[in-house]
Amino acid sequence: MSTTATPVSTATPAEWTGFVPGPWTDTIDVRDFIQRNYTPYTGDASFLAGPTAKTLGIWDTLEKKFLSVERAKRVYDVDTHTPADIDAFPAGYISEDDDVVVGLQTDVPLKRAMMPNGGWRMVETAIKEAGLEPDPEIKRIFTQYRKTHNDAVFDIYTPRIRAARSSHIVTGLPDAYGRGRIIGDYRRVALYGVDALIAAKLKDKDSVADQPFSENWARYREEHSEQVKALKKLKRLGEQYGFDLGRPAQTFQEAVQWTYFGYLASVKSQDGAAMSIGRLSSFFDVYSERDIAAGTLTEEGAQEIIDALVLKLRIVRFLRTIDYDQIFSGDPYWATWSDGGFGEDGRALVTKTSFRLLQTLRNLGPAPEPNITIFWDPALPDGYKDFCAAISIETSAIQYESDEQIRCHWGDDAAIACCVSPMTIGKQMQFFGARVNAAKSLLYAINGGRDEMSGKLIVPGYEAVQGDGPLDFDEVWAKYDQMLDWVTATYVEALNIIHYSHDKYAYESIEMALHDDEIVRTLGCGIAGLSIVADSLAAIKYAKVTPVRDETGLVVDYVTEGEFPVYGNDDDRADELAQLVVKTVMDKIRKLPTYRDAVPTQSVLTITSNVVYGKATGSFPSGHQKGTPFAPGANPENGMDTHGMVASMLSVGKLDYNDALDGISLTNTITPSGLGRDKDEQVGNLVGILDAGMGEGLYHANINVLSRETLEDAIEHPEKYPNLTVRVSGYAVNFVKLTKEQQLDVLSRTFHTNA
Amino acid sequence: MSGEVGTNVGGTGTLVAERAGAPVVELGLPLVGGSNVRAQGAGTSGLEAEELERSERLAQVRTGELGSVHSWELVTAVDGPGTRMTVFLSGCPLQCLYCHNPDTWEMRRGTSVTAEELLRRIGRYRRVFAATGGGLTISGGEPLMQPAFVKRLLRGAKAMGIHTTIDTSGYLGRACTDEMIDDLDLVLLDIKSGDEETYKRVTGRELAPTLEFGRRLAEHGTPMWIRFVLVPGLTDAVENVEKVADHVQALSTVERVEVLPFHQMGRDKWAELGMRYELDGVRAPSAELVERVRDQFRARGLTVM
């Protein structure tokens, strides 16, 4: 055979010139394309370029004309007449020179669109809260003619779910808003072009045409039709802005633009709780390397394009209610961009574009979106580790996840959806499950199913702890174990109903069009209040805990005498109780039936709903007071991890990732002076801490290195900064435990020494 | 001189009584669970406390098998390089007016922990130390109040290949044997004042033993980080700082000088312990003052943080 016998050689698009061929040329396989074509970068950050005048000009216009107005009004504007869709709005621009990476959700920056398929009531409330009136015709359509996801969920909900929901033992369920946590493989738009994607979907659809009818078969065909329609709309979206997305992208700029159009189509048609963008840097970098080698792109040009994309990712907006904003602390959308990590062949997936992404935080200043997420491993190139740490220290805007844990479970082309949920891009999605209140469940166990706040019987058929004597660990654990049976069964039942209804009435057709036809679905269950349960169980086991009852016999408080080990101090006695709770909940979830045969998983993550959960929950044997915020995620209880940040990391690192495949979240806050006396020392120490934590099994670390703003925020919202450590000489204080006066003292001192 | 240390072990009353100008210590405060001195979960979490008969306990203290430990934590960047396990021992011969850990002054307030148990915990962090370039720091209190215990810890840590440091005032430097110095990779030496009178006012003790210890360390080639706490109105006089700088300049193995601005973080602890605090009205030094003092050290060609 001749050496040129490549099967598709005659059909190879001109856009692929210079790329190393492989399986990716015959089937959709972006990972294979990256692995065969990317150039690892092992140097430092010295090659990077600052912002261009154009970048700064557009950013300035955005700030002055739009963002400052929005901050004052909360919502800049709402289109109340046009239900959102991929091609529902004409092209829009920030300014006349907004031409590097284009595309807005509506025709005006920050103007929000209605997405009523999730539920009409939420849309109407949000419009009214924005000071506007809903269009009566639109309301009529979505209340009389078009059934929504929310309508369907409440048609199916069982009495026990309603009881659990109203008593807040199960809460935050995505039953009135988009579920999110689905990452379309937006890179496919750039690599293959939409025409090839449509052809592939049609082929998949008809590959089963000869099979006999079944509900699964019908759903498969119907969903593929929806996906093809969405891809056609995506092509029209490109045309609105003057691009032919039918063909593959030819340049770095086009690759970024095409990929962004894929993402834009998603955020134009879905308002999922988290709309993450995937893992893009090494993919983009193949194009930038090709263009730079050809002399058609400079470093300044490449940085300008990444800056322009990031700028667009900072202005995604959804129409939310004030209530929603309170649960999620503001207006987040988790445009999570995963980067770093290793490929299975041992080469780091770190490219020059990985550096360019971090550089946006310098060129445009810090911002929460996109949610930059670094897959960390101690063996990553030193230049990259140092740059990550330096940017973390400057901005507190980066989170870290264990590359080893993610790669070993989900491969080397996985990305994070939302905060900690890993998934293989284009091959996996999650049925998002909010979380169940594991702490409140303990109080239900002690009170035999009566709610400790209202006194109402929520879970019938369970016997409360009797008598006024001290609590017995074995008895309480047995009751907790039984109560968790009811709680998890009710919770998973609700999730199954929600996702069944979501697929039926608010199907994510463009996101799913950018997935394979057969995918893995996970059911991402979650728990809140882990540290409170662990500490309370430790108190019952190692100290003397006497229940305090009200006149009806309801246990409303506890008297705890003696010392007990506390989760978060690398004390195995307490940490093992936390492990036990995570494993017990997971084992119960594993036994339950799941919609669409989803693989059950668990996260120990609260996002920011720890405040809301706290409000709805009573007092605990650990000393946690009624109504006060939970610690976030898997964090130790606020102020109880007294042996330093690394000890706290080691405790959390003991939780078995196999029991929490959807992720285990730890939020750390540290002052710059707590990391070292000068910048080099701070960078070196932060790198060391991350190496140490991840090396000891830690899955995730949010790293806050405080600026003045964060310290001030900590004074107003202490619950967000559970382990903010202020160090002076050999002594540490917990910032949130200081008096206001002391906090102000620290505030001034810290900035004096940094000035 | 090590006898002086030995006689004070376990007997707290005499120590307090013989200190001129010592703060009033209310005896009879609760010392264990439920006490407002140590929060639940703080202190020696994860370390098993030893409960022994008094005679047996004293015997083990003498051989250094048993020590009085205030607390431990994993800290970064403050008690030496990298992430370190800092062990705070109980007991201190000085009574610095600005002390932010007055709850470590008395050995009886500590928890009895065996060297073996503590070394087990130290060994647990070998990988953390390797990843961060850290190690063990023994602080206090004054570590050299319990030299036999410290000796065991240092030997045990070195045997595991762990970087070792003590944070000391040097006042009990004579209790630190040459053998112990051989097991020290770094000493954080606190020179609390350069002027003898000021030193006495700040600490209630003499300066000379500290300087003598510094010279011994330099002769041994042991690296030192010098720490100087800057308290407005107490230690900030130009001449006082000049004298500290004179002393430091004479020590050939000093790698850096850390000027630590005074803060009021320890104030509440004095009240909780029922002790009179003399620095109530003192404010943290201004940025200008801190820079002036740092410049005084920099002028001697020293690396200053």
Side-chain angles (χ1 to χ4, degrees), chain A residues 378 535 543 560-566 568-574 623 637 639-648 650 670 673-678 681-682 684-693 695-696 725-733 738-739 742 745-746 748-749 752-753 755, chain B residues 32-35 38-47 71-79 81-86 88 100-101 121 124-125 127-134 137 139-140 167 188 190 227 229 256 258 260-268 283-288 290 305:
Chain A
D535 291 352
T560 301
E561 296 162 274
E563 292 191 350
F564 56 92
V566 175
N569 297 289
D570 194 23
D571 186 328
D572 292 338
R573 294 171 302 166
E637 180 74 337
M640 299 289 252
D641 46 343
T642 51
H643 290 76
M645 184 166 113
V646 175
S648 157
L650 297 180
I670 191 158
S673 62
L675 276 176
R677 305 214 192 270
D678 61 28
E681 203 176 275
Q682 290 168 1
N685 280 325
L686 181 53
V687 166
I689 287 172
L690 288 167
D691 284 351
E696 300 293 316
T725 307
V726 183
R727 301 207 52 98
V728 199
S729 70
Y731 175 59
V733 289
L738 300 177
T739 64
Q742 288 171 325
D745 179 26
V746 172
S748 77
R749 187 163 36 76
H752 276 146
T753 52
Chain B
V32 288
S35 148
R38 283 193 290 137
Q40 282 174 339
T44 53
S45 182
L47 294 175
S71 58
W72 66 270
E73 62 180 316
L74 287 176
V75 298
T76 303
V78 280
D79 297 327
T83 298
R84 314 192 66 83
M85 176 162 168
T86 299
F88 296 95
H100 53 231
N101 288 330
R121 167 86 29 189
R124 184 168 169 142
Y125 301 125
R127 279 180 305 192
V128 171
F129 300 150
T132 62
T137 296
S139 182
D167 178 6
L188 308 179
D190 305 339
R227 303 175 137 190
V229 179
R256 62 157 81 174
E258 299 184 328
L260 308 172
F262 166 75
H263 61 78
Q264 288 285 10
M265 299 296 123
R267 177 167 51 192
D268 292 353
R283 314 194 72 131
S286 66
E288 294 73 29
V290 174
M305 293 288 177

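Numbers restart at 1 for each chain; the letters A, B, ... are given by sequence-line order, proteins then strands. Being a predicted model, the structure only gives us computed values, none of them experimental. What's counted below: heavy atoms across the whole structure, side chains too, no hydrogens, waters or symmetry copies.
A heavy-atom distance below 4.5 Å is found between the side chains of Met305(B) and Asp678(A). For the pair Glu73(B) and Thr642(A), the minimum side-chain heavy-atom distance is 4.5 Å or more.
Heavy atoms from other residues, nucleotides or ligands lying under 6.0 Å from CZ of Arg573(A) number more than 12.
If you measure heavy-atom distances from Glu288(B) to chain A, you find no contacts under 4.5 Å at all. For chain A, the nearby part of Arg256(B) is the side chain; its heavy atoms alone come within less than 4.5 Å. There is no contact between Arg283(B) and chain A, counting heavy-atom distances below 4.5 Å.
Comparing Asp535(A), Asp570(A), Leu675(A), Val646(A) by heavy-atom pairs within less than 4.5 Å of chain B, the highest count is held by Asp570(A). Ranking Gly684(A), Gly693(A), Gly688(A), Pro378(A) against chain B, the residue ahead of the rest is Gly688(A), based on heavy-atom pairs under 4.5 Å.
Here CG of Asp641(A) is found 11.5 Å from CG of Leu74(B). Values are rounded to the nearest 0.5 Å. One distance of note links OG1 of Thr132(B) with CG of Leu690(A); it measures 11.5 Å at 0.5 Å rounding. Interatomic distance, OH of Tyr125(B) versus CG of Leu650(A), reported as 6.0 Å (0.5 Å rounding). The OG atom of Ser45(B) lies 9.5 Å from the CD atom of Glu563(A); values are rounded to the nearest 0.5 Å.
A donor atom on one side chain and an acceptor atom on the other are not found under 3.5 Å apart for Asn685(A) and Thr76(B).
Comment: Arg124(B) engages Asp572(A) in a salt bridge, judged by a side-chain N to carboxylate O separation of less than 4.0 angstrom.
Counting all heavy atoms, side chain and backbone alike, Val128(B) lies closest to Glu696(A) at CG2-CG, 4.3 Å. Contact detail for Glu681(A) and Ala77(B): the closest heavy-atom pair is OE2-O, 4.2 Å.
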